[in-house]
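Down below is the structure, laid out as structure tokens.
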Amino acid sequence: QVQLVESGGGLVQAGGSLRLSCAASGRTFSNYGVAWFRQAPGKEREIVAAINWTGGSRSYADSVKGRFTISRDNAKNTMYLQMNSLKPEDTAVYYCAAGLGGGVYYTSTDYGYWGQGTQVTVSS
């Protein structure tokens, strides 16, 4: 079992920045590929960014490329999502997830552990 707890969400104006953190406990965090997903009201959950177990491979949704950066610190059992140049359409609940293996995965069914979510609201 892996337990995940997100933090860092909040209200920010368009063009601003936020950094989300996800603290892991339980099984060895460094064994897992991890990702950030988001879900806006009335929409399906979508992947935002993913990173493999070493941090050497990353992938981003087209909508956030060049603005968001995913990273991880295995020594601290923590992953991050740095969000810059935020837009109102980035408003959503953001979830961190740990995969069923160590790679980069793109669909929610590839992730077996989920945090409770943190709200990000971007005002125009």
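In this chain, residues are counted from 1 in sequence order. Here the structure is a predicted model, which means the values were calculated and not measured.
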Exercise answer: donor-acceptor pairs, residues 115-123 side-chain atoms, under 3.5 Å, sequence neighbours excluded:
| from | atom 1 | to | atom 2 | distance (Å) |
| --- | --- | --- | --- | --- |
| Gln116 | NE2 | Glu6 | OE1 | 3.4 |
| Thr118 | OG1 | Gly9 | N | 3.3 |
| Gln119 | NE2 | Ala92 | O | 3.4 |
| Gln119 | NE2 | Thr121 | OG1 | 3.3 |

Heavy atoms of Trp53 and Arg72 approach each other most closely as CA-NH1, 3.3 Å
For Asp73, enumerate each residue passing the side-chain contact (heavy atoms from CB on, under 4.5 Å) test, keeping only those at least two apart in sequence or located in another chain.
-> Ala75, Lys76, Tyr80
Taking the side chain as every heavy atom from C-beta outward, state whether Tyr60 and Arg67 have any atom pair closer than 4.5 Å.
-> no
Is there a side-chain contact between Asp90 and Phe68 (heavy atoms, below 4.5 Å)?
-> yes
Partners meeting side-chain hydrogen bond (donor to acceptor under 3.5 Å, both in side chains) with Lys65 (sequence neighbours left out) = Asp62
With sequence neighbours excluded, tell me which residues meet side-chain hydrogen bond (donor to acceptor under 3.5 Å, both in side chains) with Asn52.
-> Thr54
Sort and list the pairs that fulfil disulfide bond (SG atoms under 2.5 Å apart) and have at least one residue in residues 7-62, not counting sequence neighbours.
-> Cys22-Cys96
To which residues is Tyr105 joined in a hydrophobic cluster, defined by side-chain heavy-atom contacts under 4.5 Å among Ile, Leu, Val, Met, Phe, Trp and Tyr, whether direct or through other members?
-> Phe37, Ile47, Val93, Tyr95, Tyr111, Trp114
Under the side-chain contact (heavy atoms from CB on, under 4.5 Å) rule, collect the residues that match up with Gln1, sequence neighbours excluded.
-> Gln3, Tyr113
Test side-chain contact (heavy atoms from CB on, under 4.5 Å) applied to Ser30 - qualifying residues, sequence neighbours left out | Thr28, Asn74
Quick one: side-chain contact (heavy atoms from CB on, under 4.5 Å) partners of Ser124, sequence neighbours excluded?
-> Pro88
Closest non-hydrogen atoms of Leu4 and Ala24, given as atom of the first, atom of the second and distance, are CD2-CB, 3.7 Å
Does some side-chain heavy atom of Gln39 sit less than 4.5 Å from a side-chain heavy atom of Tyr94?
-> no
Test side-chain hydrogen bond (donor to acceptor under 3.5 Å, both in side chains) applied to Ser17 - qualifying residues, sequence neighbours left out | Asn84
What residues form a salt bridge (charged side-chain N to carboxylate O under 4.0 Å, His left out) with Arg58, not counting sequence neighbours?
-> none
For the atom pair CE (Met79) and CD1 (Ile70), what is the distance rounded to the nearest 0.5 Å?
-> 4.0 Å
Side-chain contact, heavy-atom cut-off 4.5 Å: Met83 with Leu20?
-> yes
All side-chain hydrogen bond (donor to acceptor under 3.5 Å, both in side chains) counterparts of Glu46, not counting sequence neighbours = Arg38
Quick one: are Val104 and Tyr106 in side-chain contact, heavy atoms under 4.5 Å?
-> yes
